[in-house]
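Below is one structure; the comments refer to it alone.
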Amino acid sequence: MEDILNKAYEEGTKVATQGNVASYIPELEKGNPEDVGFVIMDLKGNYKARGQYLKSFTLQSITKVITLLLALEDIGEEEVFKHVHMEPTGDPFNSIMSFEVKNPEKPFNPMINAGAMVVTSLIHGEEKKEKIQRILEFTSLLTGNLETRYDRTVYESEKATGNRNRSLAYFMKSTGIMKGDPEEILDLYFMQCSILGNCKDIATIGAVLAGNGIHPETGERVIRKENARIVKTIMTTCGMYDASGEFAVSCGVPAKSGVGGGILGAVPGRCGIGTFGPALDAKGNSTAGIRMMEYLSRKLDLSIF
Ligand code: DON
């Protein structure tokens with residue numbers, strides 16, 4: 001086992017500088033591509049780690065898993081999927097075309113930006129302050145890390161430059177898909193994307209999902225079994241965006257990536273995995289993270305297929 005973990009880390013470092021650190025959110029450009037690490041955690045909370053596994057990064061799109069879970073816990077499957085489909089797009093995560101042209105009545109899935117913003121708008125809470133507080137507390141519940149907070153500088157950086165998301169939100173407002181004030185929902189979405197975490201935090205979330213909602217460290221149920229199942233399924237079909245099909249073949253682990261460089265994996269009945277490597281491929285997925293996940297999957301026979 002130790003050799004496999006060493007080799008997985010070595011494989012990750014080999015491709016760590018292939019690809020580019022996200023620059024469309026200026027603050028993310030400061031990431032160091034050589035900061036590579038991972039954690040693999042079993043369903044009892046025992047874990048093995050390599051590299052920079054405690055380095056904090058912004059979770060970005062990985063938070064789409066968290067908000068989808070919270071919305072499902074808050075209002076249930078039927079209500080959530082009245083507002084968002086559960087179909088892969090084959091288009092980039094911030095594509096406008098994908099639902100404007102093909103499917104204007106609701107976004108394709110909760111993992112693309114449009115769908116994630118709609119999901120965030122469904123979370124219970126009187127106003128923005130209460131909603132972000134609930135998202136932070138729920139993140140703490142899943143990770144077991146009580147210090148969850150968002151990075152104000154990254155949040156402000158995305159808020160200042162997030163015009164693609166702004167156009168998606170206003171488009172959805174114009175068609176009636178988005179209820180509420182688009183500026184408020186955008187702001188909440190930018191805050192959520194800036195939530196900080198490390199490989200251990202996301203591996204723990206992966207282990208919660210892998211264990212059908214039971215927290216690996218406390219043994220307590222933190223989410224409904226059915227909601228864990230729904231989210232793992234959507235991660236498999238949509239979690240790696242327009243690379244989801246290829247990733248299902250090469251790795252076969254339900255996963256969700258973020259442009260901060262993290263990837264969260266959940267291997268049903270076995271373990272959670274959290275990887276980090278800030279350089280991204282053309283589709284916005286971590287090059288080192290994908291390589292390490294693929295290696296671990298092959299050597300430890302983790303594919304669900
Ligand atoms: O909305 C955005 O563009 C970012 N805050 C998050 C995108 C993201 O992480 C896509 N992931 N690979």
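When a ligand or atom number is given, it counts from 1 through the structure's own listing order.
- Here is the list of ligand 1 atoms found below 4.0 Å of a heavy atom in Asn113: 1 (O), 2 (C), 3 (O).
- Heavy atoms from both the backbone and the side chain of Val259 come within less than 4.0 Å of ligand 1.
- By the rule that hydrophobic residues join a cluster once side-chain heavy atoms approach within less than 4.5 Å of another member, Phe57 and Ile263 end up as members of separate clusters.
- Residue contacts with ligand 1 for Asn165 involve side-chain atoms from C-beta outward but no N, CA, C or O (heavy atoms, distance under 4.0 Å).
- For ligand 1, the polar-atom distance check against Glu158 finds a nitrogen or oxygen pair separated by under 3.5 Å.
- Taken from CG in Asn109 to CE in Met86, the straight-line distance is 10.5 Å, to the nearest 0.5 Å.
- In this structure, the protein non-hydrogen atom closest to atom 9 (O) of ligand 1 is Ser61 OG, 2.6 Å.
- Heavy-atom contacts from other residues, nucleotides or ligands closer than 6.0 Å to NZ of Lys7 number more than 12.
- In the vicinity of Tyr189, heavy-atom distances shorter than 4.0 Å reach the ligand 1 atoms 1 (O), 2 (C), 6 (C).
- Proximity of a side-chain donor or acceptor of Ser157 to a complementary backbone N or O of Thr153 within less than 3.5 Å is not detected.
- Using a 4.0 Å cut-off between heavy atoms, Tyr24 contacts ligand 1 through its side chain alone, with no backbone atom that close.
- Shown here is Glu78, whose CD atom has no more than 12 heavy atoms of other residues, nucleotides or ligands within 6.0 Å.
- Near Gly258, meaning under 4.0 Å from one of its heavy atoms, ligand 1 places the atoms 9 (O), 11 (N), 12 (N).
- Counting heavy-atom neighbours within 6.0 Å of Glu246 CD, excluding the residue itself, gives a total of 12 or less.
- Surrounding NZ of Lys48 are at most 12 heavy atoms belonging to other residues, nucleotides or ligands under 6.0 Å away.
- With a heavy-atom cut-off of 4.0 Å, Cys193 touches ligand 1 through its side chain alone.
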